[in-house]
Amino acid sequence: MSSIPVPSSTAAAVPSAGPAGRSFLGHPVGLGWLAFCEFWERFSYYGMQALLVLYLSNHLFLPEHAGSVAGLQTLRGWIEGITGPRSPQQLASVVFGLYAGLVYLTPIFGGLLADRWLGRTRTVVIGASLMAAGHFLMAFEAALLPALGCLLLGVGCFKGNIAAQVGDLYVPGDQRRASAFQIFMLAVQIAVIASPIVCGTLGEKIGWHWGFGAAGVGMLIGLLIYLAGRKHLPPELPRGQAARAAAAPAQRLGREGWARLLLLVGLLPLLMLSIVGNQQFNNAYPLWSQKHMDLLLWGFQVPVSWLQAVDAAVSLGTMLASIAFWRWWATRRKEPDELSKMALGSLIAACAPALLILAAQQIESSGAKISPLWTLGYTLINNLGFANILPVGLALYSRVSPVRLQGVLIGVYYLHLFFGNSFVGWLAGLLDEMPGTQFWALHAVLVASAGVGLIAVKLVFGKLLAPQPTQAAAG
């Protein structure tokens, strides 16, 4: 599973807070402060996420503990009113899916809060504080729902706005902007690798609350780094300038423009299906692995959460490999458009849950546990496909969207992650009801159907989403 970026608010770039010298890897020194802050924020987020579904299904939602969770019976009633009765594992998967999905809704409101009222710096500080509070509240069983609420609000305030500040370090036309985001995302990838090892080991080996506490400490470190580097951050966009930009005359879209916008919205169900195999790695896969995978290595019981660190490391390698491959391909043949890449990526990614059908058959025929090498195979195939799905889709929506609606449509694009994670939470509940072969076959079919659907969209509507003459000339 690739770490997934969250949409940032769109505002005009302003000059760097400091001289455009080579203070940090050839970039403004503010990039270093923001990257290190982002590292600790992602450390806390993915450390907590690595433990959440295991903690809920193995401990908190068991009958002897569930009664102590404030508001859980109300939440359970609302969920079971839609899905029917849920076992502790099924309820844990649904709650995890809702949380993982809502993470991609709240940054839209965080961007509005920063742009219209508080400014980015204040909003980021509020977000980091809320996230730290949420992690520490996880230490109290009764406070689960307030803790998740703080985390959702905190991510909404923090994530999009700190990414926007990276862009604001550079004036328009500064060619360093693209490499700046690569450096910024590198910090994210390292955090995704480290956090399951640290927080997962503490949570599974010593105590759940130790793992959540480590995530909270990481977020406090990130907040302190952000506050220490404030003088190196870009200045806020003047409110008058933002107001004038909002009041600028709108360019008419025309019939074809509206058709493109409707098509972008219509793609969301296919995009939702394309990610179910990837997103299930954080939900059903660790629950399935702890039951059926032999994680005893040289007398040491490997924490299930470490599997996510393996996935993150593989994801980093496959993303770099995908970039290198398409650069090589472009020197010899015409590079495919975004829809073609996304269709290809979906068909490749569908082979990952299909591979687990073989693992499940081995379990059902022998009754023995399987090797953790199946995780390596799953993540390698899945991430080769996923590298050509989510980031390529982001490029498509960014290119096709009208300039004045780009921020809104990027937010619309991320809605497929909200619906996808919610859907994955429901699918994970089938783990208790279906044999492993059928469970993973269902996921393979869903992801493959997204690939087939994207091919159909390409054949029918490809010209509508093709680069316009001005875009082709610029490219």
Side-chain angles (χ1 to χ4, degrees), residues 1-7 41-57 60-61 75 78-79 82-83 86 89-110 127 130-131 134-135 138 144-145 147-156 158-160 188 191-192 195-196 199-200 203 211-212 215 268 271-288 304-305 307-308 311-312 315 382-383 386 389-390 411 413-431 443 446-447:
M1 175 204 66
S2 297
S3 58
I4 301 175
V6 180
E41 186 271 336
R42 290 291 87 181
F43 175 92
S44 72
Y45 174 80
Y46 282 104
M48 180 269 190
Q49 181 173 278
L51 289 172
L52 183 57
V53 74
L54 297 171
Y55 170 62
L56 298 182
S57 62
L60 194 58
F61 284 178
L75 179 62
W78 176 75
I79 291 173
I82 299 173
T83 65
R86 300 283 89 182
Q89 181 270 309
Q90 291 173 325
L91 183 62
S93 290
V94 171
V95 171
F96 179 89
L98 288 172
Y99 168 74
L102 287 169
V103 162
Y104 297 98
L105 279 184
T106 55
I108 298 175
F109 303 105
L130 284 170
M131 289 184 71
H135 289 306
M138 291 291 294
L144 171 70
L145 298 184
L148 295 181
C150 285
L151 289 165
L152 287 170
L153 293 174
V155 171
F158 183 97
K159 193 69 180 84
V188 173
V192 176
S195 56
C199 299
F212 294 128
L268 292 179
L271 296 177
M272 180 191 79
L273 293 178
S274 72
I275 65 169
V276 296
N278 183 78
Q279 302 307 97
Q280 198 62 274
F281 193 85
N282 292 321
N283 199 325
Y285 189 82
L287 299 174
W288 183 76
V304 178
S305 51
L307 299 179
Q308 294 188 31
D311 179 57
S315 173
N382 172 72
N383 285 312
F386 193 72
I389 299 176
L390 189 130
Y413 171 70
Y414 279 95
L415 286 177
H416 82 275
L417 290 163
F418 165 67
F419 293 117
N421 279 296
S422 301
F423 182 50
V424 160
W426 176 80
L427 284 174
L430 300 177
L431 193 62
H443 285 72
L446 290 173
V447 180

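Each residue takes its place number in the sequence, starting with 1.
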Original post:
Listed by chain and number, what are the side chain to side chain contact (heavy atoms under 4.5 Å, CB included) partners of Ala428, not counting sequence neighbours?
Top reply: Ser93, Gln280, Asn283, Ala284

**OP:** Carefully, step by step, assess Leu307 and Tyr285 under the rule side-chain contact (heavy atoms from CB on, under 4.5 Å).
**Re:** CA-CA 10 Å; Leu307 299 179; Tyr285 189 82; 4.0 Å; yes

Original post:
What distance separates Asn278 CG from Asp311 CG, expressed to the nearest 0.5 Å?
Top reply: 7.0 Å

Original post:
If every non-hydrogen atom of Ser305 is compared with every non-hydrogen atom of Gly200, which pair is closest and at what distance?
Top reply: OG-CA, 3.0 Å

Original post:
Where do Gln49 and Tyr45 land on the side chain to side chain donor-acceptor pair (under 3.5 Å) test, with the steps shown first?
Top reply: CA-CA 6 Å; Gln49 181 173 278; Tyr45 174 80; 3.1 Å; yes

Subject >> Heavy-atom closest pair, residues Leu54 and Ala50 >> reply: CD1-O, 3.8 Å

**OP:** Check whether any side-chain heavy atom of Arg86 lies under 4.5 Å from a side-chain heavy atom of Phe61, and answer yes or no.
**Re:** no

Original post:
When rounded to the nearest 0.5 angstrom, what is the spacing between CH2 in Trp288 and CD in Gln89?
Top reply: 13.5 Å

Original post:
Are the side chain of Ser422 and the backbone of Phe418 linked by a donor-acceptor contact shorter than 3.5 Å?
Top reply: yes

Original post:
Do you know the tightest heavy-atom contact between Gln90 and Gly429?
Top reply: NE2-O, 2.7 Å

Original post:
What is the distance from atom OG1 of Thr83 to atom CH2 of Trp78, rounded to the nearest 0.5 Å?
Top reply: 9.5 Å

**OP:** Could you check if a side-chain atom of Asn282 sits within less than 4.5 angstrom of a side-chain atom of Val424, using non-hydrogen atoms only?
**Re:** no

Original post:
CG of Leu415 to CG of Leu105: how many Å apart, nearest 0.5 Å?
Top reply: 6.0 Å

Subject >> Non-hydrogen atoms of Ser274 and Ile389 that approach each other most closely >> reply: OG-CG2, 3.4 Å

Original post:
Going through the distances and angles, do Phe386 and Ile275 end up as a side-chain contact (heavy atoms from CB on, under 4.5 Å)?
Top reply: CA-CA 8 Å; Phe386 193 72; Ile275 65 169; 3.9 Å; yes

**OP:** Apply side-chain contact (heavy atoms from CB on, under 4.5 Å) to Cys199 and Phe43, showing your working.
**Re:** CA-CA 9 Å; Cys199 299; Phe43 175 92; 3.9 Å; yes

**OP:** Side-chain contact test, heavy atoms from C-beta onward, threshold under 4.5 Å: evaluate it for Leu52 versus Tyr99 and give yes or no.
**Re:** yes

Original post:
Minimum heavy-atom separation for Ser195 to Arg42, with atom names?
Top reply: OG-O, 4.4 Å

**OP:** Could you check if a side-chain atom of Leu148 sits within less than 4.5 angstrom of a side-chain atom of Val95, using non-hydrogen atoms only?
**Re:** yes

Original post:
Do the side chain of Thr106 and the main chain of Leu152 share a donor and acceptor less than 3.5 angstrom apart?
Top reply: yes

Subject >> All side chain to side chain contact (heavy atoms under 4.5 Å, CB included) counterparts of Phe423, not counting sequence neighbours >> reply: Met272, Leu273, Val276, Trp426, Leu427, Leu446

Original post:
Tell me, do Leu56 and Leu144 make a side-chain contact under 4.5 Å, heavy atoms counted?
Top reply: yes

Subject >> Minimum-distance pair of heavy atoms, taken over all atoms of Ala312 and Val192 >> reply: CB-CG1, 3.1 Å

